[in-house]
2 protein chains.
Amino acid sequence: MTETARPMRRQEIREQNERLILQAAEKVFAEAGFGGATMQLIADMAGLPKANLHYYFTTKEDLYRRVVQEIFEIWLHAADAMDHAEDPAQGIAAYIDAKMEISRQHPHGSKVWASEVMHGAPVIQDYLETTLRDWTEGRVAVINRWIADGRMAPVDPRHLLYMLWATTQHYADFGHQIETLNGGRALTDQQWSDAKQSVKDIVLRGIGAL
Amino acid sequence: MTETARPMRRQEIREQNERLILQAAEKVFAEAGFGGATMQLIADMAGLPKANLHYYFTTKEDLYRRVVQEIFEIWLHAADAMDHAEDPAQGIAAYIDAKMEISRQHPHGSKVWASEVMHGAPVIQDYLETTLRDWTEGRVAVINRWIADGRMAPVDPRHLLYMLWATTQHYADFGHQIETLNGGRALTDQQWSDAKQSVKDIVLRGIGAL
DNA sequence: GTCTATACGACGATAGAC
DNA sequence: GTCTATCGTCGTATAGAC
């Protein structure tokens, strides 16, 4: 009887274990907060000994930082939907759809980010001041161009962006509250679709793009 | 030399100390999360010995529960602004103004609530299922009446409420991010005024009430 | 690369003097 | 009602065998 499965190389073992740990950490940090999370809990969920976590990430804060960075990267890519559009109706609708879908697919990451910012962004303050600030200024310019071209009403671009962030992320961060108000049941496919449509209807009409 | 100040009675001492502790706890729980907060930190901020906290509130969780209940009560009263209005333009504008003002005056409480819900509402789940559910159904009925009377567009009342909660609370919960994007400075009176107006403009136009 | 055992510190809670 | 001293627990992190 020969061993058919190719043995994993060191690099593959490392990648697989880091992936396992990061997925477990995202869930535990989201559900318990940074202070409430324990390395033991994350290790159990990842199915690895606690000491291995320290081997791969050294400290609890290192591991946490990596989790926060991941959701941030995902959000940045959602802006692509907005950039490749000519008019606001299409661009903002696509951005809302993308952000709502992320809230559905990555609710844990969204919560970890929210928790981090609520506590004053002790770990990712530099990201706020560089990447996020640049990103925001770029989108503000896009929206201002749409306004200048008469394609939408003259609303303050920053407050519009805050409304988009707040509303889309609310479906992840306050998902438990929404579920409770939905009779204790998670939103169905149809209800998610309705949610996206409701948000797009109100916002697009609200900025005069419909 | 006589003592002019009337000595406080036991009940007054208790009320004053509980108030000191609750204010300190709200701030510490908001900034550090439940797990990150320590009784020592709260005691130092309140200017009382740590043992006194346990005397008045027994456990850390008791103290936390009281903090969460307080912000919830404040939010419930904000709905009064909505109930005494005949048309949606006036009622929802008043609700937005009230909720925005609470975000400004009680950012810590808002964050504690957000954190509690994000972690699955382990302490106030019963409130979600009773008080909040009843409250929500009442407002849904009001909005549906406005729609039936042709005073606003036929939007889904629940998703409208979620957008109002998300957007208004965002200015408290993500206040640090907003401040960073504002050049590291807190919003001025004028900027708060602009924020309220922007939210009202987009939402009211969005639901066809303008 | 994996895991057991443990050091070390911090926190919640309480006992008991005042 | 107030406060000091302290107990027991738990969590992060590491040392060292395998």
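Letters A, B, ... are given to chains in the order of the sequence lines, protein chains preceding strands, and every chain is numbered from 1.
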Undergrad: Tell me which residues in residues 50-69 of chain A put a heavy atom below 4.0 Å from DNA chain D, sorted by number, or none.
TA: Lys50(A), Ala51(A), His54(A), Thr59(A), Lys60(A)
Undergrad: Return the nearest nucleotide to the side chain of Ile13(A); candidates are dC11(C), dT4(C), dG1(C).
TA: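 Closest nucleotide to the Ile13(A) side chain: dG1(C).
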Undergrad: I want to know whether Tyr162(B) and Trp165(B) have ring centres closer than 6.0 Å.
TA: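 Distance test on ring centres: under 6.0 Å, yes.
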Undergrad: To the nearest Å, give me how far apart CG (Asp44(A)) and P (dC10(D)) are.
TA: 15 Å
Undergrad: In whole Å, I'd like the distance from the CE atom of Met39(A) to the P atom of dT6(C).
TA: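 Nearest whole value for this atom pair: 21 Å.
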Undergrad: Of the options Glu26(B), Gln69(B), Glu116(B), which is the one that meets Tyr64(B) in a side-chain hydrogen bond (donor to acceptor under 3.5 Å, both in side chains)?
TA: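 Considering Glu26(B), Gln69(B), Glu116(B), a side-chain hydrogen bond (donor to acceptor under 3.5 Å, both in side chains) with Tyr64(B) is found only for Glu116(B).
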Undergrad: How many whole angstroms separate atom CD of Gln40(A) from atom P of dT12(D)?
TA: 9 Å
Undergrad: Applying a 4.0 Å non-hydrogen cut-off, can you work out what Ala37(A) is touching in the nucleic acid: base, sugar-phosphate, or nothing?
TA: sugar-phosphate
Undergrad: So, Gln169(A) and His170(B): side-chain donor and acceptor under 3.5 Å apart, yes or no?
TA: no
Undergrad: Do we see a donor-acceptor contact under 3.5 Å between the side chains of Gln125(A) and Glu129(A)?
TA: yes
Undergrad: Are His176(A) and Leu128(B) close enough that some pair of their side-chain heavy atoms sits under 4.5 Å apart?
TA: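 A side-chain contact under 4.5 Å exists here.
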Undergrad: Round to a whole Å and report the spacing from CD1 of Ile21(A) to P of dC3(C).
TA: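 Rounding to the nearest Å, CD1 of Ile21(A) and P of dC3(C) are 11 Å apart.
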Undergrad: Can you confirm whether or not the ring centre of Trp75(A) sits under 6.0 Å from the ring centre of Trp113(A)?
TA: yes
Undergrad: Checking contacts here: which listed nucleotide (dC3(C), dG1(C), dT2(D)) is nearest the side-chain heavy atoms of Asn17(B)?
TA: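 Looking only at heavy atoms from C-beta outward on Asn17(B), the closest nucleotide is dT2(D).
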